[in-house]
Amino acid sequence: MRITEHPILGEANKGRLVTFDWDGKILEGYEGEPIAAALKVAGVMVHRHTKKGNSARGIFCAIGRCTDCVMVVDGKPNVRTCVTPLVEGMKVQTQYGVSERKLD
Amino acid sequence: MKRYDVIVVGSGPAGLSAAIEAAEKGLKVVVFDENSKPGGQLFKQIHKFFGSKEHRAKMRGFKIGEELLREAEKASVEVVLNAIVVGLFLDKEITVNINEEIVHYKGDAIIIATGASENMVAFDGWTLPGVIGAGAAQTMMNLHSVKPGNKVLMLGSGNVGVVVSYQLLQSGCQVAAIVDAASKIGGYGVHAAKVARCGVPFYLSHTIIKAEGDEYVTGVTIGEVDSRFQVIPGTEKYFDVDTICVAVGLSPMSQLLKMAGCDMEENPKKGGFVPLCDEYGETSISGIFAAGDVSGIEEASSAMIEGRISGAAAAYKLGFIDKEELEIKIEKLEKALSSLRQGMFGPGNKGKDIFRTEEGYDISINLLKKGYLTDEEVMKYPGVKFIKGIHPVIECSQNIPCNPCQDVCPQKCIKIGEKITSLPVVDEDSTCIGCGLCVASCSGQSIFLVNEDYEEEYTSVTLPYEFLPLPEKGTRGIALDRSGHRICETEVVEVKSPSAFDHTNLLTIKVPKEMGMKARFFKQQGVGI
């Protein structure tokens, strides 16, 4: 899913590849890119499940406005993954309602 | 509480331009933006802009953004990022959330340039992961170098829909279709033609019935709608896609202005709830201005001019320039703004059916329905002539504000005249030297060089090409016509990509004589595009 060379923008220069934890799995991403970008590359589509209908949500606006892509990051819920930079060793969890605990 | 002469909210094209204008006049200016980077949406705009020289036409949006940032720095504009303006009050005081703390600022003038947010339509399954805004697609591919999906269906045929579809193709995604409930393509015909010739089909008078998938998008079903926008049973079509991109318009983000108590109106022509402003962009509250999309949806070029106008007006209001200087400045800016607002897509023509150009040529119905001109239709426009030897063929058939082709031609082969919305005319008495500057400068990629006398049995066609891998001389492939259909085998005989063309490469292909006025795109064997 990464665009390594673009006809207008040239080669992507993304810096350092780091690892992070997603729901117990180790994934890779570039330091400083939005968490959501790294998840997209890893094929993760579902970021959270709603409290009311337990229905899946993912990236929607990608600019921090809609809050559809929020997840539990390093224990903190409601983190907008599309505008939060990836840090090495981050713990990213699917959010159910407002926590990482699955809904009944 | 910190004080400034001018506080600008939003560092997009309008906000930065307002800040630069005011700071250049000696005012102490600060710009707040909620994002971590300045520039608003400009840095996602990788296509060449329309307009004329004064509007920075034929420059790509992100390059304009870089230029604005340099100007802002030179003018000592202070830009505060990750700063969310949460309150705007009558006495021109604002509250800003910076690092989870609320900070108060006061300005003698306030310029609101908060832009717009994307509209959405709720169809069955619209909340599934994989349904994204067109802006999200641009952000992911053009800022973060990540494809938003592999196979994408675009809902919305306005300029955003067609431009983002083209950018998706440039990023290596497949675009399955562009769908719009309207009966006509909303964006510029030249933008639509760029994607149509790559083989992307348009489905007008169609809408999404359902996004398929349990946890995320696995496909989409569309259907044709009647005149009351109801789906006609039996017209359902299924597409195997992983992403649905929604580009159904923008709404002004005018909440701060309403909060301050500015007189507002609901104006569909301006895209929604907007402040009432005078010619300087000043709202009903003296000293509070609005510039750019927040005061009415247009595009970045006019937003930059509106920003300049409000910046100059603020400078006058605070006594930094006199009335005469203001009037000279405003007259020039108003003229530039008005030239951008002309033509069939201008704000005054929003929602109108236009069947003829200003010159009296018929508007192609095929272009409005399918995104391309037919072989017969193309012949009647003034940019298309049969001339001996190499010559430009300009397939520009709608009055849009744009004239770089006229400016760049060293031989004066192309004539638009004073009014920048006029259709370009190819002058049969001038001699084209085949330099290709017009082809590369055309933001709509609607200019081709054709040489019917290339070889005895072959015509050469030079076309703009912005995809990878870049073919080389000798690369064999298939020539596609305006609709994206394969018409014949072909070979690249020349590739030109000087830096002056700014990544618009010029491919010259040779095709059998009878294909010279049909072949408009080059498809490489084994390459998606």
Side-chain angles (χ1 to χ4, degrees), chain A residues 1-15 28-50 52-71 76 78-86 94-95, chain B residues 34-37 40-41 44 46-48 60 62-63 82 84 117-118 120 125-150 167 169-173 213-217 242-243 246 253 465-470 502-505 529:
Chain A
M1 295 302 274
R2 290 208 185 271
I3 304 160
T4 48
E5 203 186 350
H6 189 283
I8 308 300
L9 300 167
E11 275 179 46
N13 185 8
K14 303 271 291 185
E28 272 187 336
Y30 286 99
E31 188 174 47
E33 73 178 345
I35 297 169
L39 290 173
K40 180 86 207 173
V41 172
V44 176
M45 294 292 287
V46 180
H47 287 222
R48 69 179 180 108
H49 284 250
T50 59
K52 218 170 161 183
N54 195 17
S55 72
R57 296 286 190 275
I59 298 171
F60 187 64
C61 81
I63 52 170
R65 180 143 296 275
C66 74
T67 67
D68 241 11
C69 70
V70 298
M71 298 177 86
K76 189 180 163 194
N78 292 333
V79 174
R80 297 173 299 167
T81 55
C82 69
V83 290
T84 304
L86 182 69
T94 304
Q95 183 169 317
Chain B
E34 64 179 339
N35 298 292
S36 60
K37 288 195 176 112
Q41 308 309 307
K44 302 163 194 178
I46 61 168
H47 58 285
K48 293 180 176 175
R60 297 186 190 274
F62 70 101
K63 293 270 171 81
N82 298 308
I84 310 165
S117 62
E118 291 185 281
M120 279 301 143
W126 79 287
T127 58
L128 278 177
V131 178
I132 60 172
Q138 277 196 316
T139 305
M140 283 154 75
M141 62 191 172
N142 299 342
L143 282 191
H144 306 309
S145 304
V146 172
K147 286 201 269 181
N150 286 316
Q167 293 176 2
L169 297 172
Q170 289 181 304
S171 288
C173 309
D214 296 327
E215 283 277 277
Y216 49 84
V217 173
D242 54 32
T243 304
V246 184
M253 288 207 287
Y465 193 84
E466 294 188 347
F467 298 97
L468 289 176
L470 183 62
D502 189 14
H503 297 87
T504 306
N505 307 287
I529 275 296

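Residue numbers begin at 1 in each chain, while the letters A, B, ... track the order of the sequences. Values below: all heavy atoms of this structure, side chains included; hydrogens, waters and symmetry mates excluded.
- Heavy-atom distances place no part of A:His47 under 4.5 Å from chain B, backbone and side chain included.
- Two residues are said to be in side-chain contact when any heavy atoms from C-beta on lie closer than 4.5 Å; B:Leu128 and A:Met45 fail this criterion.
- Contact tally against chain B (heavy-atom pairs below 4.5 Å) for A:Pro85, A:Cys69, A:Gly58, A:Cys82: the top residue is A:Gly58.
- With a 4.5 angstrom heavy-atom cutoff, A:Leu9 touches chain B only via side-chain atoms.
- For B:Glu34, the part lying near chain A is the side chain, with the backbone staying farther off; criterion is any non-hydrogen pair under 4.5 Å.
- Only the side chain of B:Asn35 comes within contact range of chain A, judged by heavy atoms closer than 4.5 Å.
- Taking both residues in full, the closest heavy atoms of B:Leu468 and A:His6 are given as CD1-C, 3.6 Å, listed atom of the first, atom of the second, then distance.
- Contact annotation for B:Lys37: neither backbone nor side-chain heavy atoms come within less than 4.5 Å of a heavy atom of chain A.
- Note that SG of A:Cys66 is 11.0 Å distant from CD1 of B:Ile132, once rounded to the nearest 0.5 Å.
- Pairing each heavy atom of A:Met1 with each of B:Pro148, the nearest pair is CE-C, 4.2 Å.
- The CD1 atom of A:Ile8 sits 9.5 Å away from the CG atom of B:Asn142 when rounded to the nearest 0.5 Å.
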- request: Under the side-chain contact (heavy atoms from CB on, under 4.5 Å) rule, what do A:Glu33 and B:Leu143 come out as? Steps first, then yes or no, please.
  value: CA-CA 10 Å; A:Glu33 73 178 345; B:Leu143 282 191; over 6 Å; no
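- Interface remark: B:Tyr465 contributes no atoms to any contact with chain A (heavy atom separation under 4.5 Å).
- Minimum interatomic distance between A:Lys40 and B:Gly149 (heavy atoms only, all atoms of both residues): CE-N, 4.5 Å.
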message: The test is side-chain contact (heavy atoms from CB on, under 4.5 Å); show your working for B:His144 and A:Ile3 and say whether it passes.
response: CA-CA 9 Å; B:His144 306 309; A:Ile3 304 160; over 6 Å; no
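- Taken from CD in A:Glu5 to CG in B:Leu470, the straight-line distance is 10.0 Å, to the nearest 0.5 Å.
- Contact tally against chain A (heavy-atom pairs below 4.5 Å) for B:Thr127, B:Val246, B:Thr139: the top residue is B:Thr127.
- For chain A, the nearby part of B:Phe467 is the backbone; its heavy atoms alone come within less than 4.5 Å.
- Interface remark: B:Thr504 contributes no atoms to any contact with chain A (heavy atom separation under 4.5 Å).
- Using a 4.0 Å cut-off between a side-chain N of Lys or Arg and a carboxylate O of Asp or Glu, B:Glu215 and A:Arg57 do not qualify as a salt bridge.
- The two residues B:Ser145 and A:Ala12 make their nearest non-hydrogen contact at OG-CB, 3.5 Å.
- Looking at A:Arg65, only its side chain comes within 4.5 Å of chain B, counting heavy atoms on both sides.
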task: Take B:Met120 and A:Phe60 through the side-chain contact (heavy atoms from CB on, under 4.5 Å) test and state the conclusion after the steps.
output: CA-CA 11 Å; B:Met120 279 301 143; A:Phe60 187 64; 3.2 Å; yes
